[in-house]
Amino acid sequence: MRLVLLGPPGAGKGTQAQRLVDKHGIVQLSTGDMLRAAIRAGTPVGQRAKDIMARGDLVPDDVVVSIVSERMDQPDARNGFVLDGFPRTVAQAEALDRLLDEKGQKLDAVVELKVDEGILLKRIGTRLGEMQARGETARPDDNPASFKIRLDAYRAQTAPLVDYYGRKGKLKSVDGMAGIDAVSRSIDGALAGASG
Ligand code: ADP
């Protein structure tokens, strides 16, 4: 099973991706996580991405496309994957199409989590409070100013992918505002009808 999860920051992509991993025995490919790992490791990619990410802007397409391509070639991704946070621009979606073609693979579906942006702002506040309560350090981009830039980037650069995948007949939209279990059930239902 090869999936893309689409939705604005804070929509619950990471949570649902983890559930899809457990259910289908696939791997989660989160470009956000990969970039944060690169920053921690101090690699050249990490050094390029660090300040851009803290602001909430998008890292250049060529950087993320190459890390995704490498990751897709790892043995554990052979059985399938759920992309979380990628593609985020039309150029990235086109690059993904080319990568899949080259690798002889196809996407089964693109799942869009539809959410209300006003409620997202509350969610991000709650996530921050919970992390602080656990004594964890918040992500440098989990602050209101960067979050607004992330939402703007989503609207301007990522939301057009809803049409892009709609035209290809790959799009499955689910209500992302329900509880975590209810959202998972909607995704399962949407995928039951999906075929490569
Ligand atoms: P969220 O979905 O909550 O915004 P992510 O962890 O997916 O969080 O992304 C955090 C940041 O990482 C983004 O704001 C951006 O700077 C960078 N990033 C992640 N994925 C991509 C991507 N596909 N293209 C460009 N930048 C990305």
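Ligands are counted one by one from 1 in listed order, and the atoms in each one are counted from 1 as well.
Contact residues for ligand 1 (protein heavy atom closer than 4.0 angstrom to any ligand atom): P9, K13, T31, G32, L35, R36, M53, G56, D57, L58, V59, V64, G85, F86, R88, Q92, R127, R139, D141, R150.
L128 forms part of no hydrophobic cluster, judged by ILVMFWY side-chain heavy-atom separations under 4.5 Å.
Note: K23 NZ to M1 CE = 8.5 Å, rounded to the nearest 0.5 Å.
For the pair R78/V27, no side-chain contact is recorded, criterion being any heavy-atom separation below 4.5 Å from C-beta on. E112 places none of its side-chain heavy atoms less than 4.5 Å from the side chain of V174.
Within the structure, the side chain to side chain donor-acceptor pair (under 3.5 Å) test picks out the following pairs touching residues 82-93 (sequence neighbours left out): Q28-D84, D61-T89, D61-Q92.
Taking the side-chain hydrogen bond (donor to acceptor under 3.5 Å, both in side chains) definition, one finds that S146 meets it with N143, sequence neighbours left out.
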